[in-house]
Amino acid sequence: MGNVVALEEFRRTLDRREERGRALARPEIRGGEIWGRDYTQLEAVVFGLLKVREIAAYHASLRAARHADGSGQEFDALCLDALDAAYRVEDLGPARLKAAVKPLKEWLLDAMTEDNKRDMAWALVLVDLIEKSPTK
């Protein structure tokens, strides 16, 4: 048997749903895709940092939905700093890349929980691969 729903209640429900925004899809993490790249190449570094950002954004959105805490602007800045250091590794050296990656790793470790440890571990692996293979 059907239910009669008041039009105003239905609109309020839709408004609440729109306020929350769209839910992010769970990131696809494939070991072959991660291990099969040469992280001395900038293209692989870009892939790695985008995958790390995708993982972090997914889990941050889940946390924000539960706790309503901040945005991802700080994490995006860390990713861009790491990308810049990787791009200029021949000019600035691997020490600059290591310094740029350190806060990124710390952020990931701080965000790691029992529920997301598998995904965050993959993100840390990606960051390690980027850090440890900076030169040809």
Side-chain angles (χ1 to χ4, degrees):
M1 186 165 148
N3 291 340
V4 176
V5 179
L7 186 57
E8 289 302 313
E9 181 63 30
F10 177 72
R11 286 182 181 154
R12 278 195 294 267
T13 303
L14 286 178
D15 289 343
R16 276 185 254 136
R17 194 176 302 159
E18 288 175 8
E19 286 174 9
R20 281 186 256 144
R22 64 179 177 85
L24 294 174
R26 183 173 191 86
E28 286 187 31
I29 303 170
R30 295 186 184 118
E33 191 176 46
I34 291 170
W35 295 113
R37 295 187 185 263
D38 178 9
Y39 291 94
T40 62
Q41 302 294 316
L42 190 60
E43 180 182 329
V45 172
V46 170
F47 163 81
L49 288 172
L50 287 174
K51 185 59 76 173
V52 167
R53 185 182 177 279
E54 181 183 3
I55 292 167
Y58 173 75
H59 290 291
S61 72
L62 291 179
R63 189 175 59 234
R66 290 187 205 123
H67 304 295
D69 58 356
S71 69
Q73 291 179 352
E74 176 187 349
F75 188 77
D76 289 347
L78 294 174
C79 288
L80 286 173
D81 192 33
L83 179 61
D84 180 57
Y87 178 72
R88 300 173 19 174
V89 74
E90 290 181 12
D91 298 333
L92 302 175
R96 170 69 178 98
L97 178 60
K98 185 174 183 167
V101 164
K102 184 179 179 191
L104 193 57
K105 285 182 178 180
E106 290 171 353
W107 192 99
L108 291 168
L109 287 169
D110 287 344
M112 188 180 287
T113 65
E114 191 65 33
D115 296 333
N116 69 11
K117 69 181 177 182
R118 179 188 169 275
D119 291 349
M120 290 299 194
W122 274 112
L124 286 167
V125 164
L126 278 163
V127 173
D128 277 343
L129 287 169
I130 291 166
E131 177 187 8
K132 305 281 194 265
S133 53
T135 57
K136 295 179 182 180

Nearest-0.5 Å distance, [atom1] of residue [X] to [atom2] of residue [Y]:
X	Y	atom1	atom2	result
Glu43	Arg37	CD	CZ	6.5 Å
Asp76	Leu83	CG	CG	12.0 Å
Glu33	Phe47	CD	CZ	4.0 Å
Ile34	Ile29	CD1	CD1	6.0 Å
Ile130	Leu104	CD1	CG	8.0 Å
Lys117	Met112	NZ	CE	9.0 Å

- prompt: Salt bridge check: are Arg26 and Asp119 linked by an N-O gap of less than 4.0 Å?
  reply: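 The answer is yes: the pair qualifies as a salt bridge.
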
- prompt: What about Val46 and Leu92, same hydrophobic cluster or not, with Ile/Leu/Val/Met/Phe/Trp/Tyr joined at side-chain heavy-atom distances under 4.5 Å?
  reply: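 They do not share one cluster, since no chain of ILVMFWY contacts under 4.5 Å joins Val46 to Leu92.
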
In the structure I gave you, are the side-chain heavy atoms of [X] and [Y] within less than 4.5 Å of one another anywhere?
X	Y	result
Val45	Tyr87	no
Asp84	Leu80	no
His59	Met120	yes

task: Ignoring hydrogens and angles, state whether a donor on the side chain of Thr40 or Asp38 is under 3.5 Å from an acceptor on the partner side chain.
output: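 On atom types as modelled, these side chains qualify, holding a pair under 3.5 Å.
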
Verdict with supporting geometry, Trp35 and Val125, side chain to side chain contact (heavy atoms under 4.5 Å, CB included): CA-CA 10 Å; Trp35 295 113; Val125 164; 3.7 Å; yes

Testing the basics here: between [X] and [Y], what is the closest heavy-atom pair and its distance to 0.1 Å?
X	Y	result
Leu97	Ala86	CD1-N, 3.7 Å
Leu78	Pro103	CD2-CB, 3.7 Å
Ala56	Trp107	CB-CZ3, 3.7 Å
Ala82	Ala100	CA-CB, 4.0 Å
Tyr58	Pro27	CG-CD, 3.5 Å

CA sep, side-chain torsions, deciding dist, call: Arg96, Val89, side chain to side chain contact (heavy atoms under 4.5 Å, CB included): CA-CA 7 Å; Arg96 170 69 178 98; Val89 74; over 6 Å; no

message: For Glu28, is there any backbone N or O sitting under 3.5 Å from a side-chain donor or acceptor partner on Lys51?
response: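 Confirmed, Lys51 side chain pairs with Glu28 backbone.
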
Candidate pair Val52 and Phe75, rule side chain to side chain contact (heavy atoms under 4.5 Å, CB included), full reasoning: CA-CA 10 Å; Val52 167; Phe75 188 77; 3.7 Å; yes

